[in-house]
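The structure appears right after this line, and notes come after that.
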Amino acid sequence: MLVAVLMGLLYATLLGMGMSVILGLGLYFTPLSEGLLPLLASIIVALAVFCGGLQAARSAASRGLVQGLAVGLLFFAVTVAVDWNGTLMSLDAAGQKLGLCLLAGATGGIAGIATR
């Protein structure tokens, strides 16, 4: 179970970084507004965690909801740790990001078992 969750976390992290690079290049080379950045960043987080939960559930072959939730929680913890700059994130922003990660991870985990 732990190996599947860590593989899902690695998958989500790499996918999120890749999509972020693509988004950055898209914002640089196209006339897209930077005002869309918060929405696009949330979409990237949701897709990355969904795919990570999907991967974890498929490789574990059981407990998809738990696998997906674990990937979402660990992804949230990793992104908060990487983003740490000495100040606290607002409770509202942290709650929204945690909810997004858990919802996307749980959905991915359930989908991973359903499509197996």
Side-chain angles (χ1 to χ4, degrees):
M1 178 176 146
L2 181 61
V3 173
V5 170
L6 291 177
M7 287 300 294
L9 176 64
L10 179 65
Y11 192 79
T13 304
L14 293 176
L15 188 61
M17 288 192 307
M19 287 190 293
S20 296
V21 167
I22 292 169
L23 174 63
L25 291 172
L27 285 172
Y28 185 77
F29 289 113
T30 65
L32 283 174
S33 169
E34 290 177 6
L36 294 173
L37 195 55
L39 173 66
L40 295 173
S42 294
I43 291 170
I44 286 173
V45 167
L47 284 173
V49 174
F50 175 85
C51 292
L54 184 82
Q55 186 67 28
R58 282 185 178 169
S59 67
S62 67
R63 297 188 196 160
L65 179 64
V66 174
Q67 306 290 334
L69 286 172
V71 169
L73 185 62
L74 286 176
F75 188 87
F76 172 76
V78 166
T79 56
V80 167
V82 167
D83 190 37
W84 182 258
N85 61 4
T87 60
L88 292 175
M89 182 189 297
S90 74
L91 190 57
D92 184 42
Q96 286 180 354
K97 189 169 191 173
L98 178 61
L100 179 65
C101 287
L102 291 176
L103 180 64
T107 306
I110 292 169
I113 293 297
T115 60
R116 194 160 195 289

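A side-chain contact (heavy atoms from CB on, under 4.5 Å) with Val71 is found for one member of Val5, Thr13, Leu6 and no other, namely Val5.
With rounding to the nearest 0.5 angstrom, the NZ atom of Lys97 is 11.5 Å from the OG atom of Ser90. Rounding to the nearest 0.5 Å places CG of Leu14 at 9.0 Å from CG of Leu9.
Both Tyr28 and Leu25 belong to a common hydrophobic cluster when Ile, Leu, Val, Met, Phe, Trp and Tyr are linked at side-chain heavy-atom distances under 4.5 angstrom. Under the 4.5 Å side-chain heavy-atom criterion for ILVMFWY residues, no single connected hydrophobic cluster contains both Met17 and Leu15.
Within a 6.0 Å sphere centred on CE of Met19, other residues, nucleotides and ligands contribute more than 12 heavy atoms.
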Residues 72-83, side-chain donor-acceptor partners within the protein, below 3.5 Å, at least two apart:
residue	atom	partner	partner atom	Å
Thr79	OG1	Phe75	O	3.0
Thr79	OG1	Phe76	O	2.9

Please list every donor-acceptor pair under 3.5 Å in which a side-chain atom of residues 35-47 meets a protein atom from a residue at least two apart or in another chain.
residue	atom	partner	partner atom	Å
Ser42	OG	Pro38	O	3.1

Distance-only criterion, 3.5 Å: show the donor-acceptor pairs between side-chain atoms of residues 56-65 and protein atoms not counting sequence neighbours.
residue	atom	partner	partner atom	Å
Arg58	NE	Thr115	OG1	3.4
Arg58	NH2	Thr115	OG1	3.0
Ser59	OG	Gln55	O	3.3
Ser59	OG	Ala56	O	3.2

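Annotation for Cys101 and Val49: closest pair O-CG1, 3.3 Å, computed over non-hydrogen atoms. Listed here is the closest heavy atom pair of Phe50 and Ala111: CZ-CB, 4.0 Å.
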